[in-house]
Amino acid sequence: MSAATDAAATFRSLHGKEPFGVFSAPGRVNLIGEHTDYNDGFVLPFALPHRLAAAVAPRDDQRLTVATLGSDGRVQQADPMDIAALEPGQLDGWAAYPAGVAWVLRSQGHDRGADIVLAGDVPTGAGLSSSAALECAVALALLGAAGEPDPGESRRTEIARLAQRAENEFVGVPTGVLDQTASMRCVDGCALFLDVRSGEIEQVPFDAEAAGLRVLVIDTRAKHTLAESGYGDRRRGTERAADLLGLKALRDIELDGLDHASARLPEELRPLVRHVVTENQRVLDVVALLKAGRLADIGPSLDASHVSMRDDYRISCRELDVAVEAARAAGALGARMTGGGFGGSAIALVPADDLAEVEANVKAEFERAELKAPRTFVAVPSPGARRDPPGTWG
């Protein structure tokens, strides 16, 4: 069953009626461009086939009820919320995310209540943006129930920013806009090249299967929680570096100006700056290779990205390093951690003929290292957030 079907069926069970509609949003893999978004840089994510769905029906008051179907088949229900009374800091846990979306939409004049039931298969804690998928699905559901069922491209960009604001200001996680933009704006068969500063988006064809390649996602099952990790410390460090250099953001440092800029900074900030500047260049290099049809040649950039995140940004962990090294040793053309770091997932670009061997070696190395067995799957660029047609869940 799909996420949309599960959400609709659970909605019927809880509320005894049909939902008004079902809206869903995907998780994402970031092909390259890590921790560059909040530095006004470049990113290159694509949407996963895994989705989070929100079945919704409008209410005649300003109450929000939210329930979620867990992976164990159990339903959790949050206490009903008064949208007019929502304020940051009131909630924690999973319910803070839909509440944050309702709170931020209230500031846009949308305060009509709704009943929402969530279901999905985006792995949580895996660095694949399950929280952004939830936020975007809930935003579409609330807007749809209020009479805005099919937002255009510019509105989708605005919704991504609102979802980011919900996570930053209500939930308290200082993420950039990469995850929400990927969930809202990605399209089937493409990676999304986003210039965060300008907001300019380009859909870059990325058909690994046609090139005889596979993108293997390795969920290390080392849970990452950005609110409890060093994510905020890294962000504050890059912002401090930009301020010391008199720049709006580290995006303003060109690769050939890196040494000059670094010489003007305290020693502890130099590795952070080096990662951001070189990672921006790696995104540009990978985009150029994809446009030239040279998909197999992006491997060294993936490798260099992981080394930079491990050594300069210092956001890797033992599980991620084992995954990357094992994948490379078994024939991956390139591999890197993906997402915020401190756990989560890695990706590997693998020739199709070597896929089984790479998966087997990764699992063997985890067992040898006495680590929890990882989960693996092949990712293909998939559609972004949408209203699901009734025939797919009815």
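The ring pair (Phe, Tyr, Trp, His ring centres under 6.0 Å) contacts involving residues 360-394 comprise H50-F377, where partners must be two or more places apart or lie in separate chains. Evaluation of the salt bridge (charged side-chain N to carboxylate O under 4.0 Å, His left out) test over residues 86-106, restricted to residues two or more places apart or in two chains, returns E87-R106. Applying the salt bridge (charged side-chain N to carboxylate O under 4.0 Å, His left out) rule to pairs touching residues 37-51 yields D40-R197, sequence neighbours excluded. For residues 254-267, every residue pair satisfying the side-chain hydrogen bond (donor to acceptor under 3.5 Å, both in side chains) rule, not counting sequence neighbours, is listed here: E267-R270. Residue pairs meeting the salt bridge (charged side-chain N to carboxylate O under 4.0 Å, His left out) criterion with at least one partner in residues 311-326, sequence neighbours excluded, are R274-D312. Sorted pairs that involve residues 317-341 and meet ring pair (Phe, Tyr, Trp, His ring centres under 6.0 Å), not counting sequence neighbours, are lacking altogether. Residue pairs that meet the ring pair (Phe, Tyr, Trp, His ring centres under 6.0 Å) test with at least one member in residues 96-151, sequence neighbours left out, are W103-F170. Residue pairs meeting the ring pair (Phe, Tyr, Trp, His ring centres under 6.0 Å) criterion with at least one partner in residues 117-141, sequence neighbours excluded, are absent.
You'll find the side chain of L255 reaches within 4.5 Å of the side chain of V277, heavy atoms only. Inter-residue side-chain proximity for P151 and L143 is flagged as unmet; no heavy-atom pair is nearer than 4.5 Å. T124 has its side chain out of reach of S71: every pair of non-hydrogen atoms, C-beta onward, lies at least 4.5 Å apart. The shortest side-chain heavy-atom distance between V307 and D303 does not fall under the 4.5 Å cut-off. Side-chain contact between I32 and S301 is present, with heavy atoms from C-beta onward closer than 4.5 Å. Residues I159 and C136 fail the side-chain proximity criterion, which asks for heavy atoms closer than 4.5 Å. The closest side-chain heavy-atom distance from S131 to L134 is not below 4.5 Å.
By the 4.0 Å N-to-carboxylate-O rule, D233 lies close enough to R236 to be salt-bridged with it. Here E34 does not pair with R234 in a salt bridge; the nearest charged N to carboxylate O distance is not below 4.0 Å. In this structure, R240 pairs ionically with E268, as a charged nitrogen and a carboxylate oxygen lie closer than 4.0 Å.
Here the side chain of T338 pairs a donor or acceptor atom with the backbone of N30 at under 3.5 angstrom. With R375 contributing its side chain and V217 its backbone, the two residues share no donor-acceptor pair below 3.5 Å. Between the side chain of R156 and the backbone N or O of A385, at least one donor-acceptor pair lies under 3.5 Å. A donor-acceptor pair under 3.5 Å is absent between the side-chain atoms of R59 and the main chain of L64, judged by distance alone. Side chain of D195 to backbone of F42: no donor-acceptor contact under 3.5 angstrom is found. In this structure, the side chain of S183 engages the main chain of P26 through a donor-acceptor pair within 3.5 Å. For the pair R387 (side chain) and G144 (backbone), a donor-acceptor distance under 3.5 Å is absent. Looking at N361, its side chain never comes within 3.5 Å of a backbone N or O of A327 through a donor-acceptor pair. A donor-acceptor distance shorter than 3.5 angstrom exists from the side chain of T5 to the backbone of T392, with no hydrogens or angles considered.
Remark: Y38 engages H35, Y231 in a ring-ring contact (aromatic ring centres under 6.0 Å, His included) (not counting sequence neighbours). With sequence neighbours left out, E357 forms a salt bridge (charged side-chain N to carboxylate O under 4.0 Å, His left out) with no residue at all.
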I'd like a table of donor-acceptor pairs (distance under 3.5 Å, sequence neighbours excluded) in which one partner is a side-chain atom from residues 204-215, with atom names and distances.
unit_1, atom_1, unit_2, atom_2, d
D207, OD1, E209, N, 3.4
D207, OD1, A210, N, 3.1

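Taken from CZ in R28 to CD in Q180, the straight-line distance is 9.5 Å, to the nearest 0.5 Å. Note that the CZ atom of R12 and the CD atom of E18 stand 4.0 Å from one another [nearest 0.5 Å]. Rounding to the nearest 0.5 angstrom, the gap separating the OG1 atom in T68 from the CZ atom in R74 is 14.0 Å. We find the CG-CE distance between L91 and M81 to be 5.5 Å, quoted to the nearest 0.5 Å. In this structure, SG on C190 lies 11.5 Å from CZ on F46, to the nearest 0.5 angstrom. Here the straight-line distance linking atom CG of L192 with atom CD1 of I201 works out to 4.5 Å at 0.5 Å rounding.
A donor and an acceptor atom, one from each side chain of N39 and T238, are located under 3.5 Å apart. Under 3.5 Å, the side chains of E279 and S305 contain a donor-acceptor pair of N or O atoms. Using a 3.5 Å distance cut-off with no hydrogens or angles, the side chains of D115 and T65 do pair a donor with an acceptor. A side-chain donor from one of E359 and T376 sits under 3.5 Å from a side-chain acceptor of the other. Judged purely by distance below 3.5 Å, without hydrogens or angles, the side chains of S107 and R165 pair a donor atom with an acceptor atom.
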**Item:** Residue pair E148, L140: steps toward the side-chain contact (heavy atoms from CB on, under 4.5 Å) verdict
**Value:** CA-CA 8 Å; E148 187 182 342; L140 287 183; over 6 Å; no
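Under the side-chain hydrogen bond (donor to acceptor under 3.5 Å, both in side chains) test applied with R282, the options T278, D285, N280 reduce to a single match, T278.
Few gaps surround CD on E158; more than 12 heavy atoms of other groups in view lie less than 6.0 Å from it.
Scanning both residues, S345 and L320, for their nearest heavy atoms gives O-CD2, 3.4 Å.
Clustering of Ile, Leu, Val, Met, Phe, Trp and Tyr side chains at separations under 4.5 Å places V117 together with F11, L14, L69, V75.
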